[in-house]
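Chain letters run A, B, ... following the sequence lines, proteins first and then strands; every chain starts at 1.
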Protein chains: 2
Amino acid sequence: MYGVMGKMKAQPGKRADLVAILLDATADMPGCRSYIVAEDLNDADAIWITEVWDDEASHKASLTLPDVKAAITKARPLIAGFESQTITRVLGGTGL
Amino acid sequence: MYGVMGKMKAQPGKRADLVAILLDATADMPGCRSYIVAEDLNDADAIWITEVWDDEASHKASLTLPDVKAAITKARPLIAGFESQTITRVLGGTGL
């Protein structure tokens, strides 16, 4: 399985709005086994997103989904940047 | 919800054994919504563990479970160290 862990920075004061967009658009994506959105406890603008997909192809395909494309357009002005992204090979666990 | 993301380093050549112990012991822990074990793609000894718990208390309580305590004893000689650990406030997502 294909894992993605990323730290996204919201524009100041926009984290809650950005989280809402992310959660709304990612509830039903083919091949997505886990998509978890969390707040960083030490940085008021930082969001952690951890994802698990069947494979890299299903992750890429998700970017073409109408809901996801609409969410990206909506979210873009609220995003200040991306601090880190780690790609992993997921082996298993609970919640997949 | 209480999120934990950590990077663990196995002793050289021991990652697969360590992953097996982790997956075996963490399948059924009260309050655990997600416990995902992954290999780092750039470091042959590195393991990423991402966890989501109902709350910090259920995470702490898991360390007293017999299976978890046995696994920690079994895993300890295979662990070279812990490179990072990030605690988050999980807001939602798929696979919880």
Review point. Looking at B/Gly92, B/Ala27, B/Gly95, B/Ser34, which makes the most heavy-atom pairs under 4.5 Å with chain A?
Key: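 Top count of heavy-atom pairs under 4.5 Å with chain A: B/Gly92.
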
Study note, to complete from the structure: Scored by heavy-atom pairs under 4.5 Å with chain A, the best of B/Leu23, B/Thr26, B/Asp28 is B/Leu23

Practice item. Measure distances from B/Arg33 to the heavy atoms of chain A and classify the residue's part below 4.5 Å as side chain, backbone, both or neither. Key: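 When you check distances to chain A, only backbone atoms of B/Arg33 fall under 4.5 Å.
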
Exercise for review: Measure the CG-OH distance between B/Leu41 and A/Tyr2 for me, rounded to the nearest 0.5 Å.
Suggested key: 8.5 Å

Exercise for review: Calculate, to the nearest 0.5 Å, the distance between atoms CD1 and OG1 belonging to A/Ile47 and B/Thr88 respectively.
Suggested key: 12.0 Å

Do [X] and [Y] sit in one hydrophobic cluster, given that two such residues count as connected whenever their side-chain heavy atoms are within less than 4.5 Å of each other, even indirectly?
X: B/Val19; Y: B/Ile49; value: yes
X: A/Tyr35; Y: B/Val4; value: no
X: A/Ile87; Y: A/Trp53; value: yes
X: A/Met29; Y: A/Ile21; value: yes
X: B/Leu91; Y: A/Leu22; value: yes

Check your understanding: Take atom NZ in B/Lys14; do more than 12 heavy atoms of anything else shown fall under 6.0 Å from it?
Key ->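 No, because the 6.0 Å sphere around NZ of B/Lys14 holds 12 heavy atoms or fewer from other groups.
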
N/O donor-acceptor pairs under 3.5 Å from side chains in residues 71-86 of chain A, not counting sequence neighbours:
{"residue": "A/Thr73", "atom": "OG1", "partner": "A/Lys69", "partner atom": "O", "Å": "3.0"}
{"residue": "A/Glu83", "atom": "OE1", "partner": "A/Lys7", "partner atom": "NZ", "Å": "3.3"}

Check your understanding: Does a side-chain heavy-atom distance below 4.5 Å link B/Thr94 with A/Ile36?
Key ->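 Answer no - side chains too far apart.
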
Check your understanding: Should B/Met5 and A/Thr50 count as side-chain neighbours, where that means a heavy-atom distance under 4.5 Å?
Key ->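 Yes. Closest side-chain heavy atoms under 4.5 Å.
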
Practice item. Counting only heavy atoms closer than 4.5 Å, note whether A/Leu96 contacts chain B via side chain, backbone, both or neither. Key: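 It is the side chain, since no backbone atom gets that close.
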
Point to revise | chain B contact via A/Val37 - side chain, backbone, both or neither, heavy atoms under 4.5 Å | key: both

